[in-house]
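For reference, positions follow the sequence shown, starting with 1. Just follow the structure's listing: the first ligand is 1, and inside any ligand the first atom is 1.
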Amino acid sequence: MKLTHPLTRRRSLALSLAMAAALTAALPLSVSAKEVTDADVSNDYKTAGDVVTAGLGQQAQRYSSLNAINTKTVKDLVPVWSMSFGGEKQRGQESQPLVFDGKMYVTASYSRLYALDARTGKKLWKYEHRLPDGIMPCCDVVNRGAALYGDLVIFSTLDAQLVALNKDTGKVAWKEKLEDYAAGYSSSAAPLIVKGKVITGVSGGEFGIVGRIDARDAKTGKLVWTRPTVEGHMGYTFDKEGKKTENGISGTTNATWTGDLWKTGGAATWNNVTYDPDTNLIFAGTGNPAPWNSHLRPGDNLFSSATVAIDADTGKIVWHYQTTPHDGWDFDGVNEFVSFDYKDPKTGKVIKAGGKADRNGFFFVNDRTNGKLLNAFPFVKQITWAKGIDLTTGRPQYVDENRPGNPSEGADGKKGSTVFSAPSFLGGKNQMPMAYSPQTGLFYVPANEWGMEIWNEPVAYKKGAAYLGAGFTIKPLHDDYIGVLRAMDPVSGKIVWENKNYAPLWGGVLSTGGGLVFYGTPEGYLKALDAKTGKELWSFQTGSGVVAPPITWEQDGEQFISVVSGWGGAVPLWGGEVAKRVNYLEQGGSVWVFKLHKK
Ligand SMILES: [Ca+2]
Ligand SMILES: [Ca+2]
């Protein structure tokens, strides 16, 4: 090795500094970091070099055409770096990372956000939201990810705020209150950018809140429109000064709700929304009508447990489809509605459709232009509350005796008859997003097979208090598994293959042009399966349970995979006998990045 004299070295350093200064002076003013444009957002699904949306595209197919990591090479997948969220704040990590311009943006439990060097994992900055003592997240202190727009990274917090940070410095650019956390509102979903607006919902369906979707100017945080998802409530549009104008009531007051219960009607919009540019519609899933005790609220209880399609410009509901009308089991229909091309088996025509694996155990395929039901079939083996979905009327064929009984008809008037219900209220599928592969034409659904004893009790609304009117115990249905990843054919309704898992699945799925599906397990493994056959080809132990969806992107000519690890979410808190069965699982909090080992 040739040594350089210290003086020579100093001189060359001075020289290069002078050159750098000259270079900087010669460059236009745009030497600052790249900004995320509307085109970056709408093209996200086809640009392999970045991941700027939750869902790897607004339609949320969670498919990447990248194929360097494939069925042949995946055996050589090795970790590149891992970064701990640190501190004492662990619990559930449900976050999907974003990657843009060589940087990763990842949220963590307790409303934290980290900017990392995507190549090395080096921490660039961290934002820790100061949370008040009185927050009421129902289902762990999770966050599902951020949104990128312009020079901002935007995420929602457990005290129902929306925070925009400068993506390069971590400085707060704006902060807006979504709602009053003391009334039970919170927020954990990843916001979605749609044509310069940031779209969010609200959590709190177990506290008698009123669900809604808000659209704000992503650059300023100011409201553009708001649309309630409980029938009877007024929607509004806002001008630049913040002056609000009535924009029509959602539905017709008292048409599907009796009395005043719609005023605290639930239908929380607590999971990620999706968007389809072909129809200009935002698809929001809505949670249970409040309270859980369905005997208190006769009627369909719009727009609860439904897919609600909202015009992105006007903030008006264009169509809705209720997956569980008059829900009595907490079958939140918040599961994501994923746009895809559906080939009608009768006519051979390709229809603009959307698929949704609902918490109630059925997979629904709807025409995404008008909501018409095209197909519906079970994706779990045991469903007790309905015999099926009538494809003509679009309604469930209820099994009336399997609805929890009316307390006023109980022996003491305080407890209705107990029923056994499958799925349990944690659902055939919960918050964990499925993936669709245009390569195979299959949906990959992270499903769970479990049931519950459930009964109803009297209840009255009290601000900030649990508003259920129900008691329950969740139970496994099988000794050897609860979770099961299923490849579903949306046309035949058949399970093409399945891969069982002992613990309930709670993370999401990624499908790739390499013919792979990636997903994580509470046991801590990130796995890669053959998308056609379900054969397990690779797995890696991440050190804690994976309850978050993996991503992939290309950087410096190589394909990368990333997933967040950290066991938690609703299962340990609400899971009854299932929670006991998996109480050996350890908490954590870290991001992992993988690529192919170079020989
Ligand atoms: Ca992209
Ligand atoms: Ca709920």
salt_bridge([X], [Y]) N-O dist < 4.0 Å:
X      : Y      : value
Asp332 : Arg359 : yes
Lys475 : Glu453 : yes
Lys34  : Asp40  : no

Tell me, which N, O or S atom in Asp330 is closest to the Ca ion (ligand 2)? OD1
With respect to the Ca ion (ligand 2), what is the nearest N, O or S atom of Glu206? OE2
Roughly, to 10 degrees, what angle do Asp44 atom O and Thr47 atom OG1 form around the Ca ion (ligand 1)? 80°
Rounded to the nearest 10°, what angle sits at the Ca ion (ligand 2) between OD1 of Asp332 and OD1 of Asn288? 80°
Under 4.5 Å between any side-chain heavy atoms of Arg297 and His326, yes or no? yes
Heavy-atom side-chain contact between Val202 and Ile209 under 4.5 Å: yes
So, is Asp40 placed with an N/O/S atom under 3.0 Å from the Ca ion (ligand 1), counting both backbone and side chain? no
Does the shortest distance from the Ca ion (ligand 1) to an N/O/S atom of Thr53 fall below 3.0 Å? no
